[in-house]
Amino acid sequence: MANATLVTQKVQEIHLINKLEKSGQIQLDSSFSLNVSFAADGNRCVGKLQQTLRDKEFAGGKFTMTVELVGIFNCSGATTDEVKRQVHGEVYDQLFPYMQSQCSNLAAGSGIPGLMLRKVPIDPNSVAVNKGGGPGPDRNPDGGPKLTLL
């Protein structure tokens, strides 16, 4: 069985448009994406969770919120596709509460209190493992350049 342990997380990007003109209820569409990049030895990974919320009523987008959250994880030997699929689900399970908190606070701060995201169960069999999509040896797992601190 896979084992991913969150080391740290941070909000990497936030985009918010709130042009709602009156108070009341709003119907939102919600979507998310999750990408997990593994170190070559399978003992570390980076998960990038992006959540987008949009109003259903207005085609022009009176309300749109996108939050991108990045987490760094220690994991146990994620070298096979089966274990990577399991870790993918664990990464989502551990990042979701942070995403829920960020989206709820951001929505409340913009005048839309009481926002709750729905957690989606992830079926490991539906996770696609991309063999060649990782960053090169001169890049960090999140795709950024490696930096040396002096």
Side-chain angles (χ1 to χ4, degrees), residues 1-18 20 25-110 112-146:
M1 179 156 174
N3 183 15
T5 305
L6 181 63
V7 175
T8 188
Q9 57 80 31
K10 71 171 186 166
V11 173
Q12 187 162 297
E13 264 185 69
I14 295 175
H15 297 275
L16 176 68
I17 298 171
N18 184 357
L20 297 171
Q25 290 188 347
I26 180 173
Q27 296 292 318
L28 296 175
D29 276 328
S30 177
S31 63
F32 76 94
S33 68
L34 174 64
N35 294 308
V36 181
S37 300
F38 294 89
D41 64 2
N43 290 325
R44 202 142 165 110
C45 67
V46 173
K48 187 181 290 189
L49 177 61
Q50 184 179 62
Q51 181 78 43
T52 301
L53 301 162
R54 290 188 176 95
D55 63 283
K56 287 184 178 181
E57 291 184 33
F58 304 102
K62 297 243 180 195
F63 181 85
T64 303
M65 178 189 338
T66 301
V67 177
E68 188 173 281
L69 187 67
V70 174
I72 298 175
F73 296 82
N74 287 329
C75 46
S76 301
T79 54
T80 67
D81 289 356
E82 181 181 342
V83 173
K84 288 180 180 181
R85 287 184 180 96
Q86 286 294 119
V87 168
H88 198 93
E90 292 178 15
V91 165
Y92 176 73
D93 289 345
Q94 292 180 50
L95 286 180
F96 181 82
Y98 295 99
M99 181 61 79
Q100 169 61 48
S101 176
Q102 291 296 330
C103 289
S104 179
N105 289 334
L106 189 57
S110 67
I112 302 175
L115 175 77
M116 291 296 291
L117 297 177
R118 180 176 297 136
K119 186 174 178 190
V120 177
I122 294 186
D123 176 9
N125 296 321
S126 67
V127 174
V129 177
N130 181 359
K131 302 273 186 197
D138 63 333
R139 312 297 280 181
N140 284 318
D142 68 355
K146 286 190 176 177

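- Not counting sequence neighbours, the partners of P124 by the side-chain contact (heavy atoms from CB on, under 4.5 Å) test are R85, Q86.
- Scanning for side-chain hydrogen bond (donor to acceptor under 3.5 Å, both in side chains) contacts around Q100 gives an empty result, with sequence neighbours left out.
- Under the side-chain hydrogen bond (donor to acceptor under 3.5 Å, both in side chains) criterion, N74 pairs with R44, not counting sequence neighbours.
- In this structure Q51 satisfies the side-chain hydrogen bond (donor to acceptor under 3.5 Å, both in side chains) test together with S30, sequence neighbours excluded.
- The CG atom of L49 lies 12.0 Å from the CD atom of Q12; values are rounded to the nearest 0.5 Å.
- Among residue pairs with one or both ends in residues 100-110, none qualify as salt bridge (charged side-chain N to carboxylate O under 4.0 Å, His left out); sequence neighbours excluded.
- Taking D93 as the reference, K119 meet the side-chain contact (heavy atoms from CB on, under 4.5 Å) condition, with sequence neighbours excluded.
- Between the side chain of D55 and the backbone N or O of L28, no donor-acceptor pair lies under 3.5 Å.
- In terms of the ring pair (Phe, Tyr, Trp, His ring centres under 6.0 Å) criterion, Y98 has no residue partners (sequence neighbours excluded).
- Evaluation of the side-chain contact (heavy atoms from CB on, under 4.5 Å) rule for Q102 yields V11, V67 as partners, not counting sequence neighbours.
- Side-chain atoms of Q50 do not come within 3.5 Å of backbone N or O of F32 as any donor-acceptor pair.
- In summary, the side chains of E90 and H88 do not present any donor paired with an acceptor at a separation below 3.5 Å, with no hydrogens or angles considered.
- D41 is linked by a side-chain contact (heavy atoms from CB on, under 4.5 Å) to A39, N43, counting only residues two or more places apart in sequence or in another chain.
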